[in-house]
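Take a look at the structure set out below.
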Amino acid sequence: MSYNFKKVEEKWQKKWYEEGTFNASQDFKNKKKWFGLIEFPYPSGQGLHVGHPRSYTALDIIARKKRMEGYNVLYPIGFDAFGLPAENYAMKNHVHPKITTEKNINHFREQLKSLGFSFDWSREINTTDPSYYKWTQWIFIQLYKKGLAYKATMPINFCTGCKVGLANEEVVNGVCERCGSPVVQKEKSQWMLKITEYAQRLIDDLDDVDFLEKIKIQQKNWIGRSEGAEVNFKISGTDDSLLVYTTRPDTIFGATYMVVAPEHEFIKKYEDKITNLEEVKEYKEKAALKSDFERSELNKEKTGVEIKGIKAINPLTNEEIPIWISDYVLITYGTGAIMAVPAHDTRDFEFAKKFNLPIKPVIIPKDSDLLKEVEAEFDYNFANDFSKISKEDEHFKDYGLTEAFTDIENGIAINSDFLNGLPSSEAIVKATEYIEKNGLGKKTVNYKLRDWVFSRQRYWGEPIPMVYCEDCGWNPISEEELPLKLPDIEDYEPGENGESPLSKQTEWIKTKCPVCGKDARRETDTMPQWAGSSWYFLRYMDPHNDKALASKEALEYWSPVDWYNGGMEHTTLHLLYSRFWHKFLYDIGVVPTKEPYKKRTSHGMILGTNGEKMSKSKGNVINPDDIVQEFGADTFRVYEMFMGPFDQTAPWSMESIRGCGKFLDRVWNMQEFVEEGDTFTKEHEIMMNKAIKKVSSDIEEMKFNTSVAVFMTMVNEFYKDKKINKAEYKVFLQLLNPFAPHMTEEIFSKLGSDKTINETPWPTFDPAKVIDDEVVIPIQVNGRLKSKVMAPKDAEEDVVKELVHNDETIINYLEGKTVVKEIYVKGKIFNIVVK
RNA sequence: GCAGAUGUGGCGGAACUGGUAGACGCACAGGACUUAAAAUCCUGCGGACGAAUAAUCCGUGCCGGUUCGAUUCCGGCCAUCUGCACCA
């Protein structure tokens, strides 16, 4: 009786998808809800990747279990369909992206259905559908109205060969991914979203959600909060000053020069005073020509030019110090200018070495001999005479000044007047107080996070619903006009100088100003791919609503997403962007929760059989269709869950998947010897209870691989004496159902049941029956296993002790030795310490 | 450089809050069935020394520590992977 997976899988899929078995009920009042979410795919021409089902199967298992536990489950699916590949394909083959997208979606849908996922297909969404992106545009307008969307001139990646703006992922090692020409930065006026306004809340609210710790850490690192101070350095001979940001105000006494970024306005301001203006301007221009890649290239020599003719004054030492221009200072961070403390900053140290600038130590390691000497003499200013410190000087070694000393944990201030003798952490506080008290500057917080560049010079994206009028400036179109539909075009080539293809659609661009009614023009840039995915989970709650992005009632009931699984590669962009949008929607009263996702987990990547990342060029791509064809969906699902820990990478193995197929065949063939019986047999009772306990908790902890191992062990047990009864078989099938839904439903119905497994409650276990009455107690001597005895599970020490001392191996072993100590851990172990 | 993760048989991997290391699967070997092969079923399978399923020793990246007992805890290294990266 061999198993025909093709027939069985088709039968059940037809039943599920035609009858809408998994459509989430609209019962908003009487049932607990559970909303499970996976990252909706981009429908690429290559079809589904074997990596997609890993995540989808995992949450499908959880969703199926939750249904059996009585939850009203929402497990939806959709397509994130705007994006580059469709547009590039259109350029090459002159096929409208709409057509390729539709074709690809149809293919994906078939593939997903062939795997038996319990998605609610009645709620399928598509980000390129105008009824969907109407609300993406609506959210943008709300952001604009609250001042969170603004225009700014920002550099774009521009390919000198294709004359087109490129996305970051299209720039590989500084050249264009397609033609290999160098990529330069080109200034362009673009829409920006003020995500920085939410930086602090995006950090703080991580405390309230259940995300994997590594996800929280990555998000925090990305946001990059740092505390420090802004300090003014006077420009010598003027009332003006240069503002810097520092996280180490305790090192100001060691600031021996300053540096401004090439783009800093300072240069323009002092043009007439700078005596080497030509040289400075030349440096500035050279820096502008460098790409981001070149500028941040590793191990590169520092470059810079001194700005001659003006000096700054260190506010604490009152010494005149030089000002330099260098591209190691970034205009985008802090104030675009720094005070350089070469003794205690690695980059400043390198720069000072190269240009022979003074290096003045103001911190000393707390365990150095020199510190003891200094303390004994009560003279923290001993080194003010720098001529004494040279490479030959013994003291120099103690300073560790062959490199910058940056350790904040282990530093003591010296050469720093009122800070002398303080550990760095205290010195920071005291220095900051001093700065504020004396009007030199103030305490500040900085973030690495930049505002979100929201414009793309592309066709296949949501049009930005903004209009420019000569008199009124930028204004959003009226909300009644939404959606602003993407016009159908035939020429997908970019416009002049990397403009969007829409810039050539003269008729579409022409419009009236929404404020004054005069002739005006539309924005031709479109939104980035991240836009549609920043709120899609909300649309699932009420996907067909044309009055709002979702009804209040639906949002109240389904929010937040209970469990969101996705890849680590989306931790810093998609996950952060969607949290930002959600917080904004919360602020304007659209959504009821501060955070969109209660819980976030991640899956590991599936590698090729050679242990490398799957890629066409390496020829190690596994096509899911071939796998389903050869082994069936159930085997595919079981294998992907069995292959290793869910959150870690795992290589594909054709041999191992065969093993999973064999296991399912054995499950099927148990029908040949199943006996009548409506309770567990005595011999299987403990095993069944243990299995229910283990599988139930494994699923919640995503330890699917060990659940599959439990199933295999059980089957081996049933085969030992070819003994299983109907009650045992049924519970076994219920537990296995989330993993292998088709086969288990089929056997279940053949065993004679008026319900499908999907309609039965999840099995429960009896806590009293998960421990054997008799347990094996290992006996160790000096921590090494020597023998074992059987004992009742709650046996007291004296009982076990007697058993142990009657054990022949142990008697032999203890001969001629002295027992020092005996340790018994109830039901676990007996250890004898001997001499 | 910073942050995070990982390191256990030939391979993928188990091991609860410190308590029998190697569950389960793959590969491999032997056997049963078969004219034969495939499939299936049964058995073995970390290493050393053994005829041995007798005893002993070694063994969870390396070195050391705590403990009756360490894959697990602590300190110090090494290697690999993934993010980020001149963030002052």
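Chain naming here is simple, since letters A, B, ... match the order of the sequence lines and numbering starts at 1 in each.
- For the C1' atom pair drawn from B/C68 and B/G61, the interatomic distance equals 27 Å after rounding to whole Å.
- Heavy atoms of A/Ser226 sit under 4.0 angstrom from primed sugar atoms or phosphate atoms, though from no base atom.
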When every nucleotide of nucleotides 63-76 of chain B is labelled 5' to 3' by its protein contacts under 4.0 Å (heavy atoms), B for base, S for sugar-phosphate only, - for none, what sequence of letters results?
-----BS-------
With both pairing distances under 3.5 angstrom for Watson-Crick or G-U wobble, and | for a partner in another strand, the correct string for RNA chain B is (((((((..(((......[....))).(((((.......))))).(((.......)))..(((((..]....))))))))))))....
Enumerate, atom names and distances included, each donor-acceptor pair closer than 3.5 Å involving a side-chain atom of residues 644-654 of chain A, sequence neighbours excluded.
{"unit_1": "A/Ser653", "atom_1": "OG", "unit_2": "A/Glu655", "atom_2": "N", "d": "3.4"}
{"unit_1": "A/Ser653", "atom_1": "OG", "unit_2": "A/Ser656", "atom_2": "N", "d": "3.1"}
{"unit_1": "A/Ser653", "atom_1": "OG", "unit_2": "A/Ser656", "atom_2": "OG", "d": "3.4"}

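- Atom OH of A/Tyr333 and atom C1' of B/A85 are 13 Å apart (whole Å).
- Atom-to-atom, CG of A/Leu785 to P of B/A55 comes out at 11 Å; the value is rounded to the nearest Å.
- For A/Glu717 and A/Arg666, the salt-bridge test fails: no basic side-chain N is under 4.0 Å from an acidic carboxylate O.
- Between the CE atom of A/Met568 and the C1' atom of B/U6 there is a distance of 14 Å, given to the nearest Å.
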Taking N or O atoms only and anything under 3.5 Å, show me the protein contacts with nucleotides 40-50 of chain B, one pair per line.
{"unit_1": "B/C41", "atom_1": "OP1", "unit_2": "A/Arg666", "atom_2": "NH1", "d": "2.5"}

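- For the pair A/Asp250 CG and B/A88 C1', the interatomic distance rounds to 13 Å; values are reported in whole Å.
- Across the C1' atoms, B/U8 and B/G13 are found 9 Å apart, a figure rounded to whole Å.
- With 3.5 Å as the limit, one finds no donor-acceptor pair spanning the side chains of A/Glu796 and A/Tyr824.
- Among the atoms of the strands shown, base atoms are found under 4.0 Å from some heavy atom of A/Lys448.
- Under the rule for a side-chain contact (heavy atoms from CB on, under 4.5 Å), the partners of A/Lys302 that lie at least two apart in sequence or sit in another chain are A/Tyr328, A/Arg347, A/Glu350, A/Phe351.
- In this entry the base of B/G69 is anti relative to its sugar, with a glycosidic angle more than 90° from 0.
- Pairs engaging residues 705-716 of chain A under the salt bridge (Lys or Arg N to Asp or Glu O under 4.0 Å) rule: none recorded [sequence neighbours left out].
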